[in-house]
Amino acid sequence: MWFAQWAASALALASVTAADTKYWQDNTDVKMLPPYLDSDMHSRWWDFGGDTVIRTDQYVRLTSERQSQQGWIFSRVPLTATNWEIEFEFKISGSGHFHGDGFALWLTKNRATPGPVFGSADKFEGLGIFFDTYKNNRPGTSFPYVMAMMGDGQTTYDQDHDGKANELAGCSARGLRDAAVPTKARLTYFQDRSLTLDLQYKSDGAWTECFSLSASDTNIAIPAVTYLGFSGETGEVTDKHDIISVTTHNLYDSSTSASRNRGGASPSRGRGGRGRKKATSSGGWLWFFFKIFLFLGAVGGAYVGYTIYRSSQRQSRF
């Protein structure tokens with residue numbers, strides 16, 4: 001009796017955990033890893049320009065430690081998945097006491113257009129994530145500051161106040177520049193549901209949530225077809241802004257409807273042959289251990305039954 005109750009409870013727990021399991025499929029068309037360039041010293045998936053310098057064994061440097069630089073890199077292929085996750089490693093470094101200005105991640109309808117907003121165009125349509133290292137006029141805010149802005153194609157970035165008038169969400173990230181560990185960012189998006197940014201800069205492998213937004217609270221409607229890009233800028237103060245790696249995954253969430261899941265899991269250019277991988281394995285290992293315990297319980301039950309049978313046979317002989 002006790003075993004049946006335990007088995008029912010374990011099965012219910014496994015079902016709840018598995019319902020929240022996420023899966024991903026690598027999107028190799030929107031990915032950037034060393035050596036970054038093909039054999040002909042070009043990239044089939046990315047365009048770059050401005051002051052960008054590519055060192056094939058180390059980084060894509062958007063700006064060097066020189067004044068008045070702008071550099072950018074944008075994907076040639078749009079990101080069209082319904083649900084996705086972008087993870088990238090970067091490095092902000094330089095000498096001197098003053099430094100700036102910063103760099104940005106872009107998910108916009110337009111691509112590869114230089115301009116005054118961290119090296120890219122103003123009045124953009126889509127999402128910009130700004131890693132701002134130079135404080136202009138924002139009292140009470142600790143820098144570096146990371147913030148999101150949703151552009152409508154008409155609104156100008158509030159340059160004088162470090163984007164305060166445009167801020168969708170943000171966080172102070174003191175220690176992000178010249179960190180002792182690899183610095184990374186992870187942006188996760190579920191259409192019509194949520195947008196979350198996590199940062200790694202305090203210790204290796206430890207993620208800190210910068211912000212998490214719900215569609216029920218604010219507008220997080222990123223255009224269905226966007227280009228992923230990065231841009232950086234220096235002014236009178238300087239820094240090196242390096243992008244080291246970029247990976248993107250098309251997410252599948254088992255808690256959504258089957259039709260929506262299929263839309264979120266398909267690659268942006270329909271290239272097949274890449275199997276799904278687990279993003280969180282809690283449901284999988286719990287189910288694995290449940291099956292082991294179920295097997296052991298069955299063996300134990302069989303042994304008890306056999307023992308009772310032998311005892312009854314002995315008693316029948318007398």
Side-chain angles (χ1 to χ4, degrees), residues 24-81 84-94 101-122 124-131 182-187 222-234 238-250 266-274:
W24 74 68
Q25 187 174 43
D26 286 347
N27 189 338
T28 56
D29 293 351
V30 191
K31 177 183 289 188
M32 188 170 67
L33 299 170
Y36 311 115
L37 301 176
D38 303 325
S39 58
D40 59 355
M41 301 305 291
H42 290 82
S43 173
R44 75 183 72 180
W45 305 122
W46 298 83
D47 282 327
F48 56 91
D51 296 302
T52 298
V53 174
I54 298 178
R55 181 165 175 174
T56 57
D57 60 337
Q58 290 190 17
Y59 51 68
V60 175
R61 177 158 291 170
L62 302 173
T63 69
S64 301
E65 202 173 356
R66 298 176 182 174
Q67 292 181 336
S68 303
Q69 286 211 322
Q70 290 184 343
W72 53 264
I73 184 164
F74 265 84
S75 64
R76 292 183 174 183
V77 179
L79 187 67
T80 59
W84 43 256
E85 183 173 274
I86 300 168
E87 182 175 321
F88 64 98
E89 182 178 348
F90 61 94
K91 185 175 182 179
I92 307 172
S93 61
D101 289 319
F103 79 96
L105 174 149
W106 301 99
L107 286 159
T108 55
K109 280 190 173 182
N110 298 321
R111 55 186 294 276
T113 306
V117 184
F118 296 96
S120 193
D122 200 357
F124 58 90
E125 187 171 358
L127 178 68
I129 305 289
F130 308 140
F131 294 74
T183 45
K184 298 180 181 181
R186 182 175 63 203
L187 186 66
I222 298 174
V225 177
T226 58
Y227 291 92
L228 172 61
F230 298 88
S231 66
E233 182 179 45
T234 64
T238 64
D239 249 340
K240 292 174 284 191
H241 300 101
D242 298 338
I243 305 298
I244 298 170
S245 66
V246 182
T247 57
T248 62
H249 307 295
N250 302 332
S266 60
S268 64
R269 294 189 67 188
R271 288 170 49 172
R274 297 189 291 269

Nearest non-hydrogen partners of Gly49 and Thr52, listed with the distance: O-OG1, 3.0 Å
Thr234 side chain vs Gln69 backbone, donor-acceptor pair below 3.5 Å: yes
For Glu233, all residues meeting side chain to side chain donor-acceptor pair (under 3.5 Å), sequence neighbours excluded: Gln70
Test item: Thr63 side-chain N/O and Asp239 main-chain N/O as donor-acceptor pair under 3.5 Å: yes
Aromatic centroids of Trp106 and Tyr227 separated by under 6.0 Å: no
Identified side-chain contact (heavy atoms from CB on, under 4.5 Å) counterpart of Leu228 within the set Ile73, Thr108, Leu107, Leu187: Leu107
From Ile86 atom CD1 to Thr247 atom OG1, the distance as rounded to the nearest 0.5 Å: 9.0 Å
Thr238 side chain to Gln67 backbone, donor-acceptor under 3.5 Å: no
Exam field: side chain Ser120 to backbone Val117, donor-acceptor pair closer than 3.5 Å: no
With Glu125 via side chain to side chain donor-acceptor pair (under 3.5 Å) - residues at least two apart: Lys109
Pairs meeting criterion salt bridge (Lys or Arg N to Asp or Glu O under 4.0 Å) with involvement of residues 111-122, two or more places apart: Asp47-Arg111
Main-chain N/O of Lys31 paired to Trp46 side chain as donor or acceptor, under 3.5 Å: yes
Any side-chain heavy-atom pair of Asp26 and His249 under 4.5 Å: yes
Nearest heavy-atom neighbours spanning Pro78 and Val30: O-CG2, 4.3 Å
Aromatic plane relationship, Phe103 with His241 - under 30° parallel, 30 to 60° tilted, over 60° perpendicular: tilted
Ring-ring centroid check Phe90 Phe131, cutoff 6.0 Å: yes
Atom pair CG/OG of Asp51 and Ser68 - distance to nearest 0.5 Å: 9.5 Å
Under the side chain to side chain donor-acceptor pair (under 3.5 Å) test, residues paired with Asp38 that sit two or more places apart: none
Pair Ile243-Met32, side-chain contact (heavy atoms from CB on, under 4.5 Å): steps then yes or no: CA-CA 9 Å; Ile243 305 298; Met32 188 170 67; 3.5 Å; yes
Distance, nearest 0.5 Å, that separates CG of Leu105 from CZ of Phe118: 12.5 Å
Contact list for residues 60-71, test salt bridge (Lys or Arg N to Asp or Glu O under 4.0 Å), sequence neighbours left out: Arg61-Asp242
Gap separating the CD atom of Glu87 from the OG atom of Ser245, nearest 0.5 angstrom: 7.5 Å
Distance, nearest 0.5 Å, that separates CH2 of Trp72 from CG of Leu62: 11.0 Å
Validation row, ring centre Phe230 to ring centre Phe88 under 6.0 Å: yes
Results of ring pair (Phe, Tyr, Trp, His ring centres under 6.0 Å) for Tyr36 - residues two or more places apart only: none
Spacing of Lys240 atom NZ and Lys91 atom NZ [to the nearest 0.5 Å]: 7.0 Å
